[in-house]
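In what follows, a structure is listed as structure tokens, so that the remarks can point back to it.
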Number of protein chains: 2
Amino acid sequence: MASFRRAPDFDRKADMIEATLDCIADVGIQATTVRAVAARAGVSNGLIRHHFESKDRLITAAYRRTIEMMSEPMLAVMKGPPQPAHARLAGFVVASLSGPNADPRLLSLWATFISQIHANPHFAREHRVGYAAYREATEELIADVMTAEGRIASVQERRRLAIAINAVIDGLWLEGCLSADEIDESLQISIGLRCVEALLGVDLPDVRPERKES
Amino acid sequence: MASFRRAPDFDRKADMIEATLDCIADVGIQATTVRAVAARAGVSNGLIRHHFESKDRLITAAYRRTIEMMSEPMLAVMKGPPQPAHARLAGFVVASLSGPNADPRLLSLWATFISQIHANPHFAREHRVGYAAYREATEELIADVMTAEGRIASVQERRRLAIAINAVIDGLWLEGCLSADEIDESLQISIGLRCVEALLGVDLPDVRPERKES
DNA sequence: TCGTCAACTATGCAATTGCATAACTTCTAT
DNA sequence: ATAGAAGTTATGCAATTGCATAGTTGACGA
């Protein structure tokens with residue numbers, strides 16, 4: 001029979017998940033069949049079934065990976081080098097609206113999963129968990145800024161602000177991805193920063209998006 | 001053969017589009033087959049093919065209908081009774097975040113189509129046209145407010161503001177629909193109004209969401 | 001009344017799809 | 001070495017799906 005090479009070092013499961021995401025982003029969820037994913041991953045279709053209990057599990061894994069990608073800016077800010085609170089918040093805004101996050105491909109993926117949230121309990125779970133963590137992190141950022149300002153915000157107030165700020169960032173991200181060819185990225189960023197400043201009643205430092213290492 | 005009733009009065013094509021939307025919102029785009037739609041519409045599956053050139057056309061028609069629904073608040077404000085500019089803008093914000101627009105079902109539909117925009121040229125077209133009209137209307141609202149304030153905004157400035165305001169509203173809408181059971185609608189509205197005020201540097205009148213006639 | 005056209009149903013088919021199964025290959029522990 | 005476990009391929013099947021086709025029914029003008 002045909003020969004093959006094993007891939008014990010780099011995880012082939014991750015390859016398949018990546019192929020799934022490519023497939024969904026390129027041709028949509030409907031055309032994302034087990035065979036199509038297998039072809040992209042360069043493996044036989046049987047192998048997918050070997051690594052994933054079912055197609056649904058594969059797609060769910062792809063969703064989890066998407067959430068992971070989208071949470072990266074937040075994680076980078078939270079776990080990065082210590083910074084003043086204001087700079088951290090500004091950095092979060094910038095990272096959310098530029099770099100890998102500003103990719104239309106990511107929007108396609110996100111929209112695909114969001115659209116199925118209420119039709120697929122697995123998705124609903126992944127979403128709930130991911131979003132809660134996201135909002136809590138935002139609340140923490142806000143609380144730090146408030147503390148640095150010498151102000152005190154109640155729990156409700158912090159939550160309200162977190163909702164508002166997340167909404168603004170999400171909306172700008174959405175618009176930026178949807179018309180990536182028309183809308184200037186740095187414009188989105190400055191709008192985002194200005195909105196956050198207005199919502200919190202603070203001044204944020206001018207942060208430039210980091211240049212990616214080539 | 002089985003008997004049937006003709007429906008010349010009310011448009012059966014619209015019925016099928018509605019059934020398609022129900023189907024997509026309920027069970028997702030993948031489970032939205034011609035047969036499933038036909039069953040929901042209470043017709044034979046052959047009839048769908050009779051009225052629509054292909055399944056793709058049916059889905060595209062459903063997308064157009066969705067855009068139509070989402071544009072309704074804007075249309076209502078633009079074509080409604082004459083109001084002061086500030087009230088019109090406020091009314092637009094409120095209508096966008098409450099009433100039929102705050103329905104999670106609408107989010108599912110929107111996300112479904114958005115996710116396929118770049119995989120389906122028909123969708124891309126529908127989206128581009130619909131969104132351009134939407135942003136232009138927002139720009140008009142903004143220009144009117146500026147005029148009423150005795151201020152003058154350049155074309156670039158108006159466009160920038162329209163992008164920002166649309167982003168804020170979209171983001172709040174998104175968040176509201178995604179966690180409709182956790183987030184208070186009137187809170188979203190007040191956040192939206194406050195953001196718009198901050199972005200434009202104006203005060204908006206306090207507008208309550210209109211009670212729908214029962 | 002009757003013919004004719006559009007609305008509508010019923011049925012079938014070729015292609016696709018998720019999944020199962022069996023066979024083969026590589027790796028690793030002993 | 002060697003056996004067994006795990007990775008991998010190839011193949012097949014039952015179910016589904018979009019679409020085509022043929023036939024049936026109702027509306028309506030002449």
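Excluded from the calculations below are hydrogen atoms, water molecules and symmetry mates; all remaining heavy atoms, backbone and side chain alike, are included. Numbered from 1 within each chain, the chains take letters A, B, ... in sequence-line order.
Looking at which nucleotide of DNA chain D each of Gly42(A) and Ser54(B) is closest to, the 5′-most match is held by Gly42(A). Of the residues near DNA chain C, Gly46(A) and Ala31(A), the one whose nearest nucleotide (by heavy atom distance) lies more toward the 5' end is Ala31(A).
Counting to the nearest Å, the C1' atom of dG18(C) and the CZ atom of Arg35(A) are 7 Å from each other. Following rounding to the nearest Å, His51(B) (NE2) and dT9(C) (P) show an atom-to-atom distance of 9 Å. The CG-C1' distance, from Leu47(B) to dA7(C), rounds to 7 Å in whole Å. Following rounding to the nearest Å, Leu58(A) (CG) and dC19(C) (C1') show an atom-to-atom distance of 14 Å. Here dT9(D) presents its C1' atom at 12 Å from NE2 of His50(A), a figure rounded to the nearest Å. As a whole-Å value, the separation of Ile48(B) CD1 from dT17(D) C1' is 13 Å. Taking atom CD1 of Ile59(A) as the reference point, atom P of dG18(C) lies 9 Å away to the nearest angstrom. Regarding Lys13(A), its NZ atom lies at a distance of 14 Å from the P atom of dA6(D), rounded to whole Å.
Side-chain atoms of Glu197(A) come within 3.5 Å of backbone atoms of Leu204(A) as a donor-acceptor pair (strictly under, hydrogens ignored).
A salt bridge links Arg65(A) with Glu18(A): the closest approach of a Lys/Arg side-chain nitrogen to an acidic carboxylate oxygen falls below 4.0 angstrom.
Closest to the Ser44(A) side chain, of the nucleotides dT8(D), dG18(D), dT9(C), is dT8(D). Side-chain proximity of Asn45(A) to the nucleotides dA7(C), dA10(C), dT11(D) is greatest for dT11(D).
The environment of CZ in Arg194(B) is sparse: at most 12 heavy-atom neighbours from other residues, nucleotides or ligands sit within 6.0 Å.
For the residue pair Ser186(A) / Asp184(A), a side-chain donor-acceptor distance below 3.5 Å is found, with atom types taken as modelled.
Dashed line: the shortest gap from a side-chain N or O of Arg12(A) to OP1 or OP2 of dT8(D) is under 4.0 Å.
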